Amino acid sequence: MFQHYLYVVECADGTLYTGYTTDVTARVATHNAGKGAKCTRARLPVRLRAQARFYTKPRALSAEARFKQLDRARKDDLLARAASQPFLQVLEEHLPGLGEEPVSEFVARELCQAQDQGYGDFARKLLPSVDPRRVVGVRTPDLRKIARHLAKRPDVEEFLGDVQHTLFEEDQLHSFVIGTFKEYDRVLEELQRFLPVVDNWATCDQLPTKALMQQPERTLEEVARWIRSDHVYTSRFGMEVLMKHFLDDLFQPCFLDMVAQRREGAERPEPVTPAYYLHMMRAWFFAECAAKQPRAVLPYLLHPLGDGNGALDEWTRLKAIQKSVESRRVDPELKARLKAARKPPR
């Protein structure tokens, strides 16, 4: 995933060949088997002179192209320097036009160095809706640390501007970088740009919400729009903001209807589907209401089909009761009533 090489071989007649590969040993063997580049087949055998490891293919290809443009004397000079220092260092210091490490290379290098294979196996099980090939396996504290450094880079805008990331951890970094911003308008702007491409519950739930409470009335207007969104994870995020910040002093009974009325797909959502993660958030929201606003939530949880316009579907009602019963913050007397309400009367 993170192994991209520029390599230089010397042919039997002394000429040099420069190429790109993800496996230098295998590539040199291919050349010497007469199956490599056409220009090396008549000049066998070849021997490896130098190799430089990069973390992204574009960076490696850029180095390859620039090295090929050099005359032979300059190539020999750089190869001679590589005898006493890493070839990558030589290229970064002396290869014209290669420049400083771009943000994409920085991110890939940091993720590679923080990779934990065991944690990756664990994370893939928690993210069944995410292509396992997208999961590197980097723990959250390490991602937060990388994000703090990333946010300080002058080219961070380039990373944030490309919202279609390849790796799950890049999505996580995107969320954490937004969380380093303090200005309300900046956070809201970045959220509006990134939310439409969020495709999993973990990234959705890592998006920052605290800064949004600098202007609660304005945020509430955004929350209403987010919840109505056809994009499941935008809707889930809106519910999360409502649950985290609007169930105490800022609570309004209409919030219950707002969440109850936003449904997706079948009445019994299949696990792993986006609809499942939306309904799980709805259940979580009503369970939090059971802890913080028990009187307001009772009509939704005690009676099948809810009460009035805010009818709560049975799957979400039962899941919310389950979460409420498991919570240590819900009053024991209310738990008893909810347990009895699990099965509707005949």
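The structure displayed is predicted, hence computed values, not measured ones.
Between the CG atom in L70 and the NE2 atom in H94 there is a gap of 12.5 Å [rounded to 0.5 Å]. Q69 CD to E64 CD: the interatomic distance, rounded to the nearest 0.5 Å, is 11.0 Å. In this structure, the separation between CD1 on I178 and CG on L173 is 11.5 Å, given to the nearest 0.5 Å. One finds the OG1 atom of T209 at 11.5 Å from the CG atom of L242 (value rounded to the nearest 0.5 Å). Note that CZ of R144 is 11.0 Å distant from OG1 of T180, once rounded to the nearest 0.5 Å. For the atom pair CG (L195) and CZ (R236), the distance works out to 12.5 Å, reported to the nearest 0.5 Å.
Shown here is K145, whose NZ atom has no more than 12 heavy atoms of other residues, nucleotides or ligands within 6.0 Å. Within 6.0 Å of the CZ atom in R72, the count of heavy atoms belonging to other residues, nucleotides or ligands exceeds 12. Atom CD of E100 has 12 or fewer heavy atoms from other residues, nucleotides or ligands within 6.0 Å. In the displayed structure, D13 atom CG is contacted under 6.0 Å by more than 12 heavy atoms of other residues, nucleotides or ligands. The number of heavy-atom neighbours closer than 6.0 Å to CZ of R193, taken from other residues, nucleotides and ligands shown, is above 12. Remark: R74 CZ is packed, more than 12 non-hydrogen atoms of other residues, nucleotides or ligands lying under 6.0 Å away. Counted within 6.0 Å of CD on E326, heavy atoms from surrounding residues, nucleotides or ligands total more than 12; the atom is thus considered enclosed.
With respect to the salt-bridge test (charged N to carboxylate O, under 4.0 angstrom), the residues R49 and E10 qualify. Ion pairing between R329 and E288 holds under the 4.0 Å rule for side-chain N and carboxylate O. Electrostatic pairing of E190 and R186 counts as a salt bridge here, judged by a charged N lying under 4.0 Å from a carboxylate O. Salt-bridge formation is not detected for the pair K244/D205: no Lys NZ or Arg NE/NH1/NH2 atom is positioned less than 4.0 Å from an Asp or Glu carboxylate oxygen. D71 has no carboxylate O lying under 4.0 Å from a charged side-chain N of K75, or vice versa, which leaves the two without a salt bridge. Ion pairing of R134 with D171 is present here, as a side-chain N (NZ or NE/NH1/NH2) and a carboxylate O approach within less than 4.0 Å. A salt bridge links R317 with E314: the closest approach of a Lys/Arg side-chain nitrogen to an acidic carboxylate oxygen falls below 4.0 angstrom.
Side-chain atoms of E158 do not come within 3.5 Å of backbone N or O of V103 as any donor-acceptor pair. For R228 (side chain) and M258 (main-chain N/O), no donor-acceptor pair under 3.5 Å exists by modelled atom type. N32 places a side-chain N or O within 3.5 Å of a backbone atom of V46 that can act as its donor or acceptor partner. Counting only distance, with no hydrogens or angles, the side chain of T203 and the backbone of N200 share no donor-acceptor pair below 3.5 Å. Under a 3.5 Å cut-off, the side chain of E105 and the backbone N or O of T56 do form a donor-acceptor pair. Checking side-chain atoms of H279 against main-chain N and O of R263 turns up no donor-acceptor pair under 3.5 Å.
For the residue pair Q117 and Y119, no side-chain donor N or O sits within less than 3.5 Å of a side-chain acceptor on the partner. In summary, the side chains of E240 and W226 do not present any donor paired with an acceptor at a separation below 3.5 Å, with no hydrogens or angles considered. Neither side chain, E183 nor Q214, offers a donor N or O lying under 3.5 Å from an acceptor on the other. Judged by distance alone, the side chains of T219 and Y184 do bring a donor and an acceptor atom under 3.5 Å apart. Donor-acceptor pairing under 3.5 Å is lacking for the side chains of Q3 and T22.
Separation of the F159 and H174 ring centroids falls under the 6.0 Å cut-off. When ring centroids are compared, F54 and Y5 stay outside the 6.0 Å threshold. Remark: aromatic rings of F106 and H149 are distant, center separation not under 6.0 Å.
Scanning both residues, V330 and A287, for their nearest heavy atoms gives CG2-O, 4.4 Å. Taking both residues in full, the closest heavy atoms of Y300 and A260 are given as CE2-CB, 4.3 Å, listed atom of the first, atom of the second, then distance. Of all non-hydrogen atoms in R282 and L312, the two that sit nearest each other are NH2-CD1, 3.7 Å. When every heavy atom of V135 is checked against every heavy atom of R124, the shortest pair comes out as O-NH2, 2.7 Å. In plain terms, the two heavy atoms of F176 and T140 that are nearest each other are CZ-CG2, 3.8 Å. Taking each heavy atom of R262 and V232 in turn, the nearest pair found is NH2-CA, 4.4 Å.
The salt bridge (charged side-chain N to carboxylate O under 4.0 Å, His left out) check on R133 picks up D131, with sequence neighbours excluded. For E170, there are no salt bridge (charged side-chain N to carboxylate O under 4.0 Å, His left out) partners, not counting sequence neighbours. Scored by the salt bridge (charged side-chain N to carboxylate O under 4.0 Å, His left out) test, K335 finds no partners at all (sequence neighbours excluded).
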M213/L250 under side chain to side chain contact (heavy atoms under 4.5 Å, CB included): CA gap, chis, key distance, verdict: CA-CA 11 Å; M213 296 316 294; L250 299 175; 3.7 Å; yes
Pair L301-S324, side chain to side chain contact (heavy atoms under 4.5 Å, CB included): steps then yes or no: CA-CA 10 Å; L301 298 185; S324 300; 4.3 Å; yes
Side chain to side chain contact (heavy atoms under 4.5 Å, CB included) evaluation trace for M280 with K319: CA-CA 8 Å; M280 285 296 290; K319 184 63 68 173; 4.0 Å; yes
From CA spacing to verdict: side chain to side chain contact (heavy atoms under 4.5 Å, CB included), F246, V241: CA-CA 8 Å; F246 290 90; V241 175; 4.1 Å; yes
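Annotation: side chain of Y20 is in contact with side chain of K57 (closest heavy-atom distance under 4.5 Å). With a 4.5 Å cut-off on side-chain heavy atoms, I321 and F286 do not count as touching.
With a 6.0 Å cutoff to the six-membered ring centre and a 45° limit on the axis angle, R53 counts as a cation-pi contact of Y55.
Clustering ILVMFWY residues whenever any of their side-chain heavy atoms sit less than 4.5 angstrom apart, transitively, puts V9 in a cluster other than the one holding L79.
Relative orientation of the W201 and Y277 rings is parallel, given thresholds of 30° and 60° on the angle between their planes.
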